[in-house]
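Since this is a predicted model, take the numbers as computed values, not measurements. A, B, ... follow the sequence lines: proteins, then strands. Residue 1 opens every chain.
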Amino acid sequence: MASSDCKGSDRIKRMLGKYGLTDFQKRVLLFVCTIPKGKTMSYKEVAVAIGHPNSYRAVGTALKENPLPILIPCHRVIRADGKLGEYSNGGTDAKRRILKEEGYIGKPAA
DNA sequence: TCTGCGGCGTGAG
DNA sequence: ACTCACGCCGCAG
């Protein structure tokens, strides 16, 4: 079951609606919430997945405004270059550390 | 190979 | 109502 990663994405939906977020935000956060452990996706990939292939920039902004950093693994979202990018919940070092813990080996820092 | 710029969506000034 | 900045990406020079 895919819900193993995010114990009840439906619950997330409810919370997002309560936070008064926009559809764009909800789609991004919800999609990121469904990313399996040990896997990473680029902002571009997420943008395309939600139907906004050119709004990768807005995707980053959406994750930045992430109201549920615990339920939503925004750290699994990295740049298209393979770099980690920024992380408002601890910094790039924390992001890389978490990914490493999940089994993802970040590319050699450039 | 590296640098600079435009563009998407949202929040704040 | 308008402008600017941001956890980015792709392209042109």
Trainee: Can you give me the dot-bracket string for DNA chain C, 5' to 3', counting Watson-Crick and G-U wobble pairs with both distances under 3.5 Å, using [ ] for crossing pairs and | for partners on another strand?
Mentor: .|||||.||||||
Trainee: Among the clusters formed by ILVMFWY side chains lying less than 4.5 Å apart, do A:Val46 and A:Val48 turn up in the same one?
Mentor: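 In one cluster with A:Val46: A:Val48, no.
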Trainee: Between the base of B:dG9 and the side chain of A:Thr61, is one N or O donor paired with an acceptor at under 3.5 angstrom?
Mentor: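 It does, because a donor-acceptor pair links the side chain of A:Thr61 to the base of B:dG9 below 3.5 Å.
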Trainee: Can you measure A:Lys64 atom NZ to B:dT10 atom C1' for me and round it to whole angstrom units?
Mentor: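 Distance check: A:Lys64 NZ to B:dT10 C1' gives 10 Å.
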Trainee: Round to a whole Å and report the spacing from CD of A:Glu65 to C1' of B:dG11.
Mentor: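 From A:Glu65 CD to B:dG11 C1': 7 Å.
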Trainee: Is any side-chain N of the basic residue among A:Arg76 and A:Glu102 closer than 4.0 Å to the acidic one's carboxylate O?
Mentor: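 Yes, this pair counts.
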Trainee: Quickly work out the A:Asn66 CG to B:dG11 P distance and round it to whole Å.
Mentor: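 From A:Asn66 CG to B:dG11 P: 14 Å.
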Trainee: Just call it for A:Thr92: base, sugar-phosphate, or nothing, with non-hydrogen atoms closer than 4.0 Å on any strand.
Mentor: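 Result for A:Thr92 = nothing.
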Trainee: Round to a whole Å and report the spacing from NZ of A:Lys83 to C1' of C:dC9.
Mentor: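 Value for this atom pair: 12 Å.
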Trainee: So which protein nitrogen or oxygen atoms get under 3.5 Å of nucleotides 10-13 of chain C's nitrogens or oxygens?
Mentor:
{"from": "C:dG10", "atom 1": "OP1", "to": "A:Lys44", "atom 2": "NZ", "distance (Å)": "3.2"}

Trainee: Taking only the P atom of each, what is the distance from B:dT1 to C:dC8 in whole angstrom?
Mentor: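 Each nucleotide's P atom is 22 Å from the other's.
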Trainee: Is the shortest heavy-atom distance from the side chain of A:Leu99 to the side chain of A:Thr40 under 4.5 Å?
Mentor: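 The answer is yes, as the side chains (C-beta and beyond) meet within the 4.5 Å cut-off.
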Trainee: Within this structure, what is the CG-to-P distance between A:Asn54 and C:dC8, rounded to whole angstrom?
Mentor: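 To the nearest whole Å, that distance equals 16 Å.
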Trainee: How far, in whole Å, is C:dC4 from B:dC5 if one measures between their P atoms?
Mentor: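 15 Å, rounded to whole Å.
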Trainee: Rounded to whole angstrom units, what separation is found between the CG atom of A:Leu63 and the P atom of C:dC8?
Mentor: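 Distance, rounded to whole Å: 10 Å.
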Trainee: Which residue is it: A:Leu63, A:Ile72, A:Leu84? I am looking for the one with a side-chain contact (heavy atoms from CB on, under 4.5 Å) to A:Val77.
Mentor: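 Only one option passes, and that is A:Leu63.
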Trainee: For the pair made of CG in A:Asp93 and P in C:dG7, what is the distance, rounded to whole Å?
Mentor: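 After rounding, the gap between these two atoms is 16 Å.
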Trainee: Shortest non-hydrogen contact from A:Asn66 to A:Cys74?
Mentor: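 Taking every non-hydrogen atom into account, ND2-SG, 3.6 Å.
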Trainee: So does A:Arg79 reach the base of C:dC8 with its side chain, donor to acceptor, closer than 3.5 Å?
Mentor: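 Answer no: no donor N or O sits under 3.5 Å from an acceptor.
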Trainee: Classify A:Phe24 by what it touches in the nucleic acid, base, sugar-phosphate, or nothing, heavy-atom distance under 4.0 Å.
Mentor: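 It contacts sugar-phosphate atoms only.
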Trainee: Could you check how far NZ of A:Lys26 sits from P of B:dT10, rounded to whole Å?
Mentor: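 Rounded to whole Å, this separation is 11 Å.
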